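Let me begin by presenting the structure, written as structure tokens, before commenting on it.
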Protein chains: 2
Amino acid sequence: MALTEQVEKLKKYNFKITPQRLRVIEYINESPGHFTAEDVYKSVVKVEPSITVATVYNILRAVTMSGILTSFEANGTTWYETNLEKHANFVCLSCGKIEDVEIGCNDLGKSAEAKGFKVNNVDVIIRGYCRECLSKGLIPEITN
Amino acid sequence: MALTEQVEKLKKYNFKITPQRLRVIEYINESPGHFTAEDVYKSVVKVEPSITVATVYNILRAVTMSGILTSFEANGTTWYETNLEKHANFVCLSCGKIEDVEIGCNDLGKSAEAKGFKVNNVDVIIRGYCRECLSKGLIPEITN
DNA sequence: TTTCATCCTAAATTATGTCTAATTCATCTT
DNA sequence: AAGATGAATTAGACATAATTTAGGATGAAA
Ligand SMILES: [Mn+2]
Ligand SMILES: [Mn+2]
Ligand SMILES: [Zn+2]
Ligand SMILES: [Zn+2]
């Protein structure tokens, strides 16, 4: 998504365009896929030293509400990402890395809708060990 | 799962059978599907007043390691459940209720395995509004 | 220029645990 | 049945991380 489109989305929700919001959007546009509020703060504070964590949390809320970002929970924290497409997030149990993987099937929410629920979003979190950690041979074997 | 089988599973991992562990297992056997560590503590402390939160956390770890429980994250906390079958957890954005729903398709982890990852488990969290909350007409409409 | 959203500072809150060290007790060994 | 042994439990202070709040100052947009 281009910066101009992101700005338009904020305006659509009557969010003002502030320098702090632009710095956060610049961060997410250069970001490595998945990041936390702390990641955003640590990076943006370098170019905007007066910004605070409270502001970062406010901005992430506004940016998510505007449909620029999406979020999910893993490892006890909230992760944000710009990939709005349907996909699963693979979390490595060893190094913590998060990587996008495809979901082979459609209609994951179908059963919920069949039960009369209104489905807003579906999160798929896959946990396991990534190639790199596997090649290092550090996979804890379950002994029983 | 019957209590005797649960006890066998603990023994298999060399976990001792203590009154506290039995009280926790009794709780989960009568539990409403999904519960937190705090739920367990608040209930078990009534029949075992000396139990502490530290013990509950230790026991939940042992019980999960033994394959009696499984857990997932939602709404910023860890939820435990006895349903070890493949299913999705529906979380109501209004009342917070969690309910099991079926997953229509198999092999959600297939793409991750195709990428060379070892998949340990897959969590599917569906967020939306339950029937009861919908019938109360309290669904926040997104206005744009 | 006015106005109200936004930002800042700093502290509080919430959530989820962990730690220590003394005691107890489940299970094993004899 | 009576030790022995180490795992489990206890009390409750402490830890840590993630967020939220309050209230005054600032500034984006009309
Ligand atoms: Mn992703
Ligand atoms: Mn469930
Ligand atoms: Zn890894
Ligand atoms: Zn509901």
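As a basis for the values below, the full set of heavy atoms in this structure was taken, side chains included, without hydrogen atoms, waters or symmetry mates. Every value quoted in this text rests on a predicted model; they were computed, and no experiment measured them. Throughout, protein chains are lettered first and strands after them, A, B, ... in sequence-line order, and every chain is numbered starting at 1.
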Short side-chain donor-acceptor distance under 3.5 Å, B:H34 and B:D100 = yes
Which whole-number value in Å describes the distance from A:N75 CG to C:dG17 P?
-> 12 Å
Can you tell me if B:D39 uses its side chain to pair, donor with acceptor, with the backbone of B:T36 under 3.5 Å?
-> yes
Hey, does B:T55 reach any base, or is it just sugar-phosphate, or nothing, if we go heavy atoms under 4.0 Å?
-> base
side-chain N/O B:S50 vs D:dT10 OP1/OP2, d < 4.0 Å = yes
Would you mind reading off the distance between B:Y41 atom OH and C:dT18 atom P, rounded to a whole angstrom?
-> 16 Å
Within the distance-only criterion (no hydrogens, no angle test), does the side chain of B:R127 pair as donor or acceptor with the backbone N or O of B:L93 below 3.5 angstrom?
-> no
Return the value, rounded to whole Å, for the distance between atom CD1 of A:I51 and atom P of C:dT9.
-> 11 Å
CZ (B:F117) and CD (A:E99) are apart, to the nearest 0.5 Å, by 4.0 Å
Rounded to whole angstroms, how far apart are CG on B:N14 and C1' on C:dA26?
-> 13 Å
Sugar-phosphate, base or nothing in reach of B:E38, heavy atoms under 4.0 Å = nothing
In 5'-to-3' order, the base (B), backbone-only (S) or no-contact (-) status of each nucleotide in nucleotides 19-30 of chain D, using a 4.0 angstrom heavy-atom cut-off, is BBB-----BBS-
Mind running disulfide bond (SG atoms under 2.5 Å apart) on A:C105 and B:C105 for me, showing each step along the way?
-> CA-CA 6 Å; A:C105 66; B:C105 66; 2.0 Å; yes
Keeping the roles fixed (side chain from B:R21, backbone from B:I59), state whether a donor-acceptor pair exists under 3.5 Å.
-> no
Whole-Å gap separating P (D:dA7) and CG (B:L10) = 16 Å
Nearest whole angstrom, please: distance from the P of D:dA18 to the CD of B:E73.
-> 12 Å
Do A:W79 and A:I98 come within less than 4.5 Å of each other through their side chains, counting heavy atoms only?
-> yes
A:I59 has its side chain closest, among D:dA8, C:dT9, C:dC7, to C:dC7
Once you round it to whole Å, what is the distance between P of C:dC7 and CG of A:L60?
-> 11 Å
